[in-house]
Each structure stands twice: as structure tokens, then as C-alpha cells.
**Student:** 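The structure that follows is given in the form of C-alpha cells.
Counting from 1, the numbers follow the sequence of the chain as shown. Each ligand, and each atom within it, is numbered from 1 in the order the structure gives. Basis for what follows: all heavy atoms, side chains included, without hydrogens, waters or symmetry-related copies.
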Amino acid sequence: MQNKIDKTIVLIGLMGAGKSSIGKRLSEKLGLEFFDLDKEIEKQENMTVSNIFAAHGEEYFRKKEAELLSTYLDKAPHILATGGGAYIPEKNRSLINKKGIPVWLRADLEVLFTRVSRKDTRPLLEAGDKKEILKKLMDERYPVYETSEIVVDSLEIPHEITLEKIITELKKHGHLT
Ligand code: S3P
């Protein structure tokens, strides 16, 4: 399939929404490069996200996240999976909205909880009860994610169906031909 995309597709959403796995598959399907912002931060810092939080604190991580987000948004159109907090600061959000196409992978609490329970790599969820923290983050962040140009439900269904929904929306919004 020969597709043409006008801007970088930026996958946003809470931890466990499927941004990395959907992003990887979408990049294969559309023949575009894929980057995972958290992985790029880890490479640059030569440390895992958990260790960055532990050694330097969240503020330092957010600074690196904002810097690399800006760098990647200046690259040729590709697929970019972001960490759950990347779309929240106003500065990041307006950059994504201007230079990219925000695609929110919306998922409900049970789906997110099931997915994040498989790993202990997310520092924000290690500070207490995972489900309670997720619920609080949903309350805070969903009103912000909701402003995303494209919203697609990330359900416990084959990825192929979610990918088709994203592609349909990208075409509908005039970003993919
Ligand atoms: C965070 C989400 C994580 C990672 C960091 C902070 C957040 O990424 O960026 O632990 O603020 O929601 P994932 O959403 O890929 O787990």
C-alpha cells in the first residue's frame, strides 16, 4: 500500500493504552518510521525511565521529554508513541497539535489496569495502588486527551481492527491519502 501522510502521527493516552504496540504496527502498515519517545529518552540518558525518575526526579524527566518531543516533531513524518504525560503540558500539546496529528488511544480503567499489571516499569504506578493511581490520572488527563483531533478506542480486540479505525480516521481528517 502506497500511503502519503502529511504530518507525524503522535499516539497519546494513558499508560497501558497500547501506544507502543499499536504504533509499531501502524508504522509497518504505513511504511513509516517508528519512534517511541520513552525509549529515545532512555537511549539519550543511558538509563531506564524508572532510574531517571529515581536519580533525577520527575521534573528532569519532563524536561527531557519536552526537548525530545520537539526534536522528533521536526523530523520527517513518522509514527511517534509518547509517554502518558507528554500531551499534558500546554507547550507540548500545542506543539503536537501544530506539527503532528494527535491520536488518542482511549481505554477504560479495567483494560488499562490489566495491561499495566503485567509490568513494574512505570514509576508513577509504583507509588501506591496501581488502580487508584490510574483512576486519578484518568480524572485529571482524560479532559485533556479528549481535545485530541483523533480519538480511537483501544479495546481488547485484535490490533488489526484498531489499526483500521485509525487509518479510517486519518483519511477522514485529510491526513492520509
Ligand atoms: C508516564 C508514562 C510512561 C512514562 C513515564 C510517565 C505518565 O509512559 O513516560 O513513566 O506520566 O503517564 P507510558 O505511557 O508509555 O507507560
**Student:** Considering only heavy atoms of Asp38, which atoms of ligand 1 have at least one such atom less than 4.0 Å away?
**Tutor:** 3 (C), 4 (C), 8 (O), 9 (O), 13 (P), 15 (O)

**Student:** With the threshold set at 4.0 Å, does a side-chain nitrogen-carboxylate oxygen contact exist between Glu146 and Arg141?
**Tutor:** no

**Student:** Donor-acceptor pair, Ser148 side chain versus Ile150 backbone, under 3.5 Å?
**Tutor:**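 Indeed, once roles are kept as given, a pair shorter than 3.5 Å links the two residues.
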
**Student:** Does Arg25 use its side chain to pair, donor to acceptor, with the backbone of Glu160 at less than 3.5 Å?
**Tutor:** no

**Student:** Output the list of atoms in ligand 1 that are nearer than 4.0 Å to some heavy atom of Leu124, sorted by atom number.
**Tutor:** 7 (C), 11 (O)

**Student:** Does an N or O anywhere in Gly84 fall below 3.5 Å from an N or O of ligand 1?
**Tutor:** yes

**Student:** Given that the side chain starts at C-beta and the backbone is N, CA, C, O, which of these parts of Arg62 lies under 4.0 Å from ligand 1, counting heavy atoms, or is it both or neither?
**Tutor:**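 Side chain only.
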
**Student:** Mark up the atoms of ligand 1 that fall under 4.0 Å of a heavy atom belonging to Gly83, in ascending order.
**Tutor:**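 Under 4.0 Å from Gly83, ligand 1 has these atoms: 8 (O), 9 (O), 14 (O).
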
**Student:** Considering only non-hydrogen protein atoms, determine which one is nearest to atom 16 (O) of ligand 1 and report residue, atom name and distance to 0.1 Å.
**Tutor:**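 Among all protein heavy atoms, the one nearest atom 16 (O) of ligand 1 is Arg122 NE, 2.6 Å.
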
**Student:** Which ligand 1 atoms are under 4.0 Å away from a heavy-atom of Phe61?
**Tutor:**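 Checking each atom against Phe61, I get 9 (O).
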
**Student:** Would you call Glu58-Arg62 a salt bridge at under 4.0 Å N-O?
**Tutor:** yes

**Student:** Take every heavy atom of Arg141, measure it against each atom of ligand 1, and state whether any distance is under 4.0 Å.
**Tutor:** yes

**Student:** Using atom types as modelled, flag every donor-acceptor pair under 3.5 Å from a side chain in residues 102-110 to any protein atom, sequence neighbours excluded.
**Tutor:**
residue : atom : partner : partner atom : Å
Arg106  : NE   : Asp153  : OD1          : 2.7
Arg106  : NH2  : Asp153  : OD1          : 3.3
Arg106  : NH2  : Asp153  : OD2          : 3.3
Asp108  : OD1  : Glu110  : N            : 3.3
Asp108  : OD1  : Val111  : N            : 3.1
Glu110  : OE1  : Lys131  : NZ           : 3.4
Glu110  : OE2  : Lys131  : NZ           : 3.0

**Student:** Gly85 heavy atoms, cut-off 4.0 Å: which ligand 1 atoms fall inside?
**Tutor:**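 By the 4.0 Å cutoff, the relevant atoms are 7 (C), 11 (O), 12 (O).
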
**Student:** Considering distance alone, does some N or O of Ser20 sit under 3.5 Å from an N or O of ligand 1?
**Tutor:**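 No; the residue has no nitrogen or oxygen that sits under 3.5 Å from a nitrogen or oxygen of the ligand.
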
**Student:** I'd like to check which ligand 1 atoms, numbered from 1 as shown, lie under 4.0 Å from a non-hydrogen atom of Lys19.
**Tutor:** 13 (P), 14 (O), 15 (O)

**Student:** For residues 68-76, dump all side-chain donor-acceptor pairs below 3.5 Å to protein atoms at least two apart in sequence or in another chain.
**Tutor:**
residue : atom : partner : partner atom : Å
Thr71   : OG1  : Glu67   : O            : 3.1
Tyr72   : OH   : Glu40   : OE1          : 2.8
Asp74   : OD1  : Lys99   : NZ           : 2.7

**Student:** How long is the straight-line distance from CG of Asp129 back to CG of Leu134, given to the nearest 0.5 Å?
**Tutor:** 9.0 Å

**Student:** Using 4.0 Å as the upper bound for N to carboxylate O, is an ion pair formed by Lys136 and Glu132?
**Tutor:** no

**Student:** At a 4.0 Å threshold, what atoms of ligand 1 neighbour a non-hydrogen atom of Val49?
**Tutor:** 5 (C), 10 (O)

**Student:** Assess whether ring pair (Phe, Tyr, Trp, His ring centres under 6.0 Å) is satisfied between Phe34 and His78, documenting all intermediate values.
**Tutor:** CA-CA 6 Å; Phe34 171 72; His78 59 275; 8.9 Å; no

**Student:** Using a strict cut-off of 4.0 Å, indicate which atoms of ligand 1 neighbour a heavy atom of Pro123.
**Tutor:**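 Under 4.0 Å from Pro123, ligand 1 has these atoms: 10 (O).
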
